[in-house]
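Reviewing the structure listed below.
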Protein chains: 2
Amino acid sequence: MPKAAPPRPVGARRRDEILRIAMETFATRGYHNASLAEIAERSGLTQAGVLHHFRTKAGLLTGVLELRDKSDIDALGDGRPRGLGLLRHLVDTARRNAEREGIVRLYTVLSAESVTEGHPAQEYFRSRYQGLRTMVITALEEAAEAGELPATRDLPELANAIIAVMDGLQVQWLLDPAAVDMARATDRVITALIGVPLPPEE
Amino acid sequence: MPKAAPPRPVGARRRDEILRIAMETFATRGYHNASLAEIAERSGLTQAGVLHHFRTKAGLLTGVLELRDKSDIDALGDGRPRGLGLLRHLVDTARRNAEREGIVRLYTVLSAESVTEGHPAQEYFRSRYQGLRTMVITALEEAAEAGELPATRDLPELANAIIAVMDGLQVQWLLDPAAVDMARATDRVITALIGVPLPPEE
DNA sequence: GTCTATATTTGGATAGAC
DNA sequence: GTCTATCCAAATATAGAC
């Protein structure tokens, strides 16, 4: 069973392990408050050892974000859902996220931190939101063309609102998990906004 | 016209000035990445000078958050709106916020940063969200009793969603102001959720 | 590829003079 | 109330041995 891993079959093992731990650490502490020393220690390396694989701390952050992108794309894999199916998929994602606190924490902490001056992830999040917006708008347009969408006015605004609810719920959920049901609330907002129930889960 | 300022008529001048500058700095850099040195310099003091007024950096952050609370309460002043009037007030706040980037930045950055381990503002934001939730739920209950509210199911979920949209929109707006109209999007979500238009602006 | 050692900077906080 | 001086800890990054 040949692996499709492109660059190095075994030399990248350590690198991936460092990335995994860096992800956890950035999620737990934020970027600025996380230290290479902690990441190194938890990786069973020294600080210099980590910096052999990633020349700078910002480079390490970039690596983490690229890794996340890759696994997100892999997760979709078999052709992404279209129209209302994508909105359904967003709700499913919210549900799955309730079992993946680390990921939620990573994105919540870093996205907000990225709006500070000179933050290395600023461009990443700017273009990420642009991508998310485009994706949701496209889905809404597809639904509208298929006649499945009563609300056809100002789709970009609709998309912004849907993305915003999901983000905002995450902050509340991280601070007080018992107080928030991310999936239900997301479903409710989307349903209310588009004026029609979502298709059943795949 | 006698001032109602309680503790010191003139000695607190410097203290307030430091708080103002600290607020800006925390908003721009986040808590961890802001330094007392920078706050001191911008205040025209040395680091030790600042620490004379606030014994620790965390104490300074607490001071900033208390100050904001006080001015928020002052802003409401003449009896807070009830029922749907409060939801209208939320939309108005979103509109005003588009002219107060500093405040938006402060809350967005700090609330997300507060979910990290051992953050000094964690309790503050936990109880702040609890307070916001209670406030919105109460308003929804009032509206329901007055027969102004078609959607009466699961009001806490409704409240969470409304708060979440507002927060989420702020992140997007800070990264790309032209891409988001916070007030319009907030209005649209609230209207869709409660199933009835909001009363006209006061 | 990983380590030790170190350079360099910067952080928060304290002591004591003025 | 503010400063200077200082302490101590921690941070990122580099050089060079193994």
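Protein chains get the first letters and strands the later ones, always in sequence-line order, with residue 1 at the start of each.
Distance NE2 (A/His52) to P (C/dG1): 4 Å, rounded to an integer number of Å. A/Ile39 places its CD1 atom 15 Å from the C1' atom of D/dA13, with the value rounded to the nearest Å. Rounding to whole angstrom units, CG of residue A/Leu36 and C1' of D/dT12 are separated by 7 Å. The distance between atom CG of B/Leu51 and atom C1' of D/dT6, rounded to the nearest whole Å, is 14 Å. Separating the CD atom of A/Glu17 from the P atom of C/dT2 is a distance of 12 Å, rounded to the nearest angstrom. Between the C1' atom of C/dT10 and the CD atom of B/Glu38 lies a distance of 13 Å, rounded to the nearest Å.
Between B/Lys70 and B/Glu66 no salt bridge is recorded (no basic side-chain N to carboxylate O distance below 4.0 Å). For A/Arg88 and A/Asp92, the salt-bridge test passes: some basic side-chain N is under 4.0 Å from an acidic carboxylate O. Electrostatic pairing of A/Arg20 and A/Glu17 counts as a salt bridge here, judged by a charged N lying under 4.0 Å from a carboxylate O. Classification of B/Asp187 and B/Arg184 as a salt-bridged pair fails, no side-chain N sitting under 4.0 Å from a carboxylate O.
Applying the salt bridge (charged side-chain N to carboxylate O under 4.0 Å, His left out) criterion to A/Asp72, with sequence neighbours excluded, gives A/Arg68. Residues passing the side-chain contact (heavy atoms from CB on, under 4.5 Å) test with B/Glu145: none are found, sequence neighbours excluded. Considering only residues two or more places apart in sequence or on other chains, A/Arg126 meets the salt bridge (charged side-chain N to carboxylate O under 4.0 Å, His left out) condition with A/Glu123.
Neither side chain, A/Glu38 nor A/Thr25, offers a donor N or O lying under 3.5 Å from an acceptor on the other.
Side chain of B/Gln122 to backbone of B/Thr116: a donor-acceptor contact under 3.5 angstrom is found. Judged by distance alone, the side chain of A/Glu148 and the main-chain N or O of A/Gly83 form no donor-acceptor pair under 3.5 Å.
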Expected rows: protein N/O vs nucleotides 3-6 of chain C N/O, under 3.5 Å:
unit_1	atom_1	unit_2	atom_2	d
C/dC3	OP2	A/Thr46	N	2.9
C/dC3	OP2	A/Thr46	OG1	3.1

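Only A/Thr56, A/Lys57, listed by number, bring a heavy atom of residues 54-61 of chain A to less than 4.0 angstrom from any atom of DNA chain D. Within residues 22-35 of chain A, the residues that have a heavy atom under 4.0 Å from DNA chain D are, in order of number, A/Ala34, A/Ser35.
Between A/Tyr124 and A/Tyr107, the two ring planes are parallel [angle under 30°; tilted spans 30° to 60°].
Side-chain atoms of B/Ala37 lie closest to C/dG11 of the nucleotides D/dT2, C/dG11, D/dA13.
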